[in-house]
Amino acid sequence: MAAARYKKLVDTLAANIRAGRLAPGVRLPTHRALAAREGIAVVTATRVYAELEAMGLVSREQGRGTFVRDIAVSAGHGIDQQAVATDAVDLNFNYPSLPGQADLLRQALREVATSGDIDSLLRYQPHRGRPQDRASIARHLGRRGITTDGDRILITNGAQHGLAITVMATLSAGDVVAVDALTYPGFKVLAHALHLDLEPIPTTTDGPDLDALEKLCATRPVRAIYTMPTLHNPLGWVMSATDRTRLIRIARRHGPLIIEDASYAYLVEDPPPPLAATAPESTVYVSGLSKSIATGLRVGFVLAPPSRIPSLERAIRATTWNTPALTTAIACRWLDDGTVNQLEAQKRDDARARQALAGQELAGLPLISHPSSYFTWLPLPDDARADRLTATLARQLISVTTAEPFTTSTHTPQALRLALGSTGLDSLRSTLRTVRRVAIEDAHA
């Protein structure tokens with residue numbers, strides 16, 4: 001009977017939320033108050049809210065309570081690539097494209113078609129890539145401050161695949177991984193799929209709280225540290241050389257592997273040396289060309305200690321056997337002839353122009369970003385509801401992401417992440433004006 005009553009309460013609350021009788025943003029009674037009102041135990045009230053949260057109908061915020069979600073916004077919005085209306089502006093994901101990129105591809109395809117080794121591209125490739133292609137990537141990494149050779153490099157089907165094989169090859173279900181309290185959603189998806197135990201590290205304005213990381217490593221068996229030291233997604237900070245040195249010292253003292261995600265590092269001019277340059281024995285470095293060149297060019301690379309190469313290679317074999325030879329050949333041609341350097345420089349200029357535009361059109365709002373980043377973080381007032389604001393913008397054909405996909409801690413901040421690279425500058429200007437207006441109206445509602 002108690003079980004039936006508990007289920008009936010879940011069903012009743014769920015129906016009221018779906019029907020709009022409990023409006024988005026409404027704060028629900030505390031666990032104790034719900035228990036007293038319904039004549040149930042507090043632990044049962046907690047279970048009721050947990051089920052509603054699992055259904056995507058409510059969100060719990062530490063220290064604030066339980067709130068009704070705006071169910072017009074999917075709980076996976078910002079992690080899963082949602083279909084956006086053709087007439088909507090997508091500020092969820094970045095698809096930056098430069099004039100002339102299509103012509104570069106046409107030319108590259110012609111060159112590959114007339115090259116002497118076209119037949120070899122139709123065959124199986126070595127699991128971690130051809131030696132000449134890995135050598136091209138090694139030279140590219142030299143321009144990023146990492147001295148290496150092709151023997152320590154594996155070519156992957158994009159940086160996300162690089163992260164996936166790294167996790168598969170180095171970690172097991174239940175392993176503890178230290179991550180920033182706000183981190184890249186793609187890593188969260190991997191961690192969930194492989195049942196990793198993510199431990200959130202608080203962030204400061206300049207990077208992770210290294211005192212908290214030190215304490216965590218001293219008290220729990222941390223197997224890996226996932227970090228984005230050069231242009232963090234979503235907060236845009238770049239760790240100082242001093243903090244990088246301390247992070248490496250913590251890893252060497254306690255033993256966890258460092259997983260360095262450098263997907264957006266190309267946007268920062270003259271950053272401190274990558275962690276992999278200073279601690280090559282304990283760092284797996286992951287990056288790719290999808291962000292810097294084109295999202296459809298799924299070529300990534302992993303730089304790893306020699307002892308890690310065999311297990312990483314087996315993970316590639318288990319997932320894709322090898323990366324597509326044709327796209328890898330095009331990418332490596334562009335690495336060698338300077339095309340990648342040219343496109344990366346142009347995208348840095350483009351990102352700076354978009355950040356300057358965001359600063360103008362969102363003036364007065366508390367933006368957090370890097371001057372040459374393709375995204376900006378917009379914290380909202382404490383009493384604001386990001387899901388409600390997202391739903392309002394969606395009705396005006398603007399798609400944005402809340403903090404939920406990025407959050408690894410129990411507290412989800414009220415904030416929006418705005419991707420700036422997927423629409424023209426004129427469209428971006430008018431869209432950001434609408435975002436500013438709606439945010440200000442919501443704050444005064």
Side-chain angles (χ1 to χ4, degrees), residues 81 90 93-113 115 121 125 129-130 132-146 150 153-164 184 186 228 230-231 233 260-269 271 274 285-303 320 322-355 370 372-375 419-425:
Q81 192 167 349
D90 186 2
F93 297 94
N94 279 308
Y95 312 101
S97 180
L98 298 172
Q101 281 191 208
D103 290 335
L104 285 172
L105 178 58
R106 291 188 186 96
Q107 178 62 28
L109 288 170
R110 284 192 291 266
E111 292 173 357
V112 170
S115 67
L121 302 181
Q125 307 297 304
R130 301 185 301 176
Q132 62 267 39
D133 295 334
R134 291 187 281 110
S136 294
I137 292 170
R139 290 189 291 272
H140 173 67
L141 290 176
R143 293 188 286 272
R144 290 193 179 182
I146 300 174
I153 290 170
L154 304 98
I155 300 176
T156 62
N157 192 26
Q160 180 68 25
H161 182 225
L163 289 174
Y184 167 53
M228 295 168 278
T230 305
L231 216 158
N233 179 18
E260 179 176 10
D261 185 340
S263 295
Y264 281 106
Y266 77 97
L267 288 170
V268 181
E269 288 189 287
Y285 178 96
V286 181
S287 191
L289 301 180
S290 298
K291 296 286 193 302
S292 61
I293 308 305
T295 53
L297 190 67
R298 303 304 301 165
V299 177
F301 41 88
V302 173
L303 173 71
T320 63
N322 62 257
T323 52
L326 179 60
T327 53
T328 302
I330 291 172
C332 290
R333 281 173 177 266
W334 285 350
L335 286 171
D336 290 337
D337 69 12
T339 298
V340 168
N341 288 343
Q342 174 188 341
L343 290 175
E344 288 184 345
Q346 291 174 357
K347 288 197 174 180
R348 281 192 292 271
D349 290 342
D350 182 54
R352 280 193 286 265
R354 291 169 184 272
Q355 280 292 340
H370 185 276
S372 59
S373 169
Y374 269 117
F375 46 82
L420 307 176
S422 299
T423 187
L425 287 175

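- Across all non-hydrogen atoms, the minimal contact from Thr423 to Arg354 is O-NH1, 2.7 Å.
- Of all the heavy atoms in Arg352 and Asp349, the pair that sits closest is NH2-OD1, 2.5 Å.
- For the pair Tyr184 and Leu163, the minimum side-chain heavy-atom distance is below 4.5 Å.
- Side-chain contact between Gln355 and Ser373 is present, with at least one heavy-atom pair separated by less than 4.5 Å.
- Nearest heavy-atom pair across Val340 and His140 is CG1-CE1, 4.0 Å.
- Remark: Asn233 pairs with Arg417 by the side chain to side chain donor-acceptor pair (under 3.5 Å) rule, at least two apart or across chains.
- No donor-acceptor pair under 3.5 Å is formed between the side chain of Tyr264 and the backbone N or O of Tyr374.
- Among residues two or more places apart in sequence or in another chain, the ring pair (Phe, Tyr, Trp, His ring centres under 6.0 Å) test is passed with Tyr266 by none.
- Closest non-hydrogen pair, Val302 versus Gly162, comes out as CG2-CA, 3.7 Å.
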Quiz item: Could you go step by step and tell me if Val299 and Ile293 meet the side-chain contact (heavy atoms from CB on, under 4.5 Å) rule?
Solution: CA-CA 10 Å; Val299 177; Ile293 308 305; over 6 Å; no
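- Closest approach of Ala419 to Asn94, counting heavy atoms only: CB-OD1, 3.5 Å.
- Note: Phe301 and Tyr285 have parallel aromatic rings, judged against thresholds of 30 and 60 degrees for the angle between ring planes.
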Practice problem: Please assess Trp334 against Leu289 for the test side-chain contact (heavy atoms from CB on, under 4.5 Å), listing each intermediate value before the final yes or no. | Solution: CA-CA 11 Å; Trp334 285 350; Leu289 301 180; over 6 Å; no
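- Although no hydrogens or angles enter the test, the distance criterion places no donor-acceptor pair under 3.5 Å between the side chain of Asp133 and the main chain of Ala329.
- Contact of the Ser292 side chain with the Leu343 side chain is not registered, since no non-hydrogen atoms from C-beta on lie closer than 4.5 Å.
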Practice problem: Go through the steps for Lys347 and Asp350 under the test salt bridge (charged side-chain N to carboxylate O under 4.0 Å, His left out), then give the verdict. | Solution: CA-CA 5 Å; Lys347 288 197 174 180; Asp350 182 54; over 6 Å; no
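- Atom OG1 of residue Thr328 and atom CD of residue Gln132 lie 11.0 Å apart, to the nearest 0.5 angstrom.
- In this structure, Gln160 contributes its side chain and Gly186 its backbone to a donor-acceptor pair below 3.5 Å.
- Here Asp337 contributes atom CG and Gln342 contributes atom CD; the two are 9.0 Å apart, rounded to the nearest 0.5 Å.
- Between the CD atom in Gln125 and the CD1 atom in Ile155 there is a gap of 9.0 Å [rounded to 0.5 Å].
- Looking at Arg298 and Thr327, their side chains never come closer than 4.5 Å, going by heavy atoms from C-beta outward.
- Side-chain polar atoms of Ser287 and Arg144 form a donor-acceptor pair below 3.5 angstrom.
- The distance from the CZ atom of Arg143 to the CG atom of Leu335 is 6.5 Å, given to the nearest 0.5 Å.
- Atom-to-atom distance recorded for Asn322:CG and Thr156:OG1 is 12.0 Å, nearest 0.5 angstrom.
- Taking CZ from Arg333 and CG from Leu104, the interatomic distance works out to 13.5 Å, rounded to the nearest 0.5 Å.
- Nearest approach of Arg348 to Val268, heavy atoms of both residues: CD-N, 4.4 Å.
- The closest donor-acceptor contact from the side chain of Ser372 to the backbone of Ala351 lies at 3.5 Å or more, if one exists at all.
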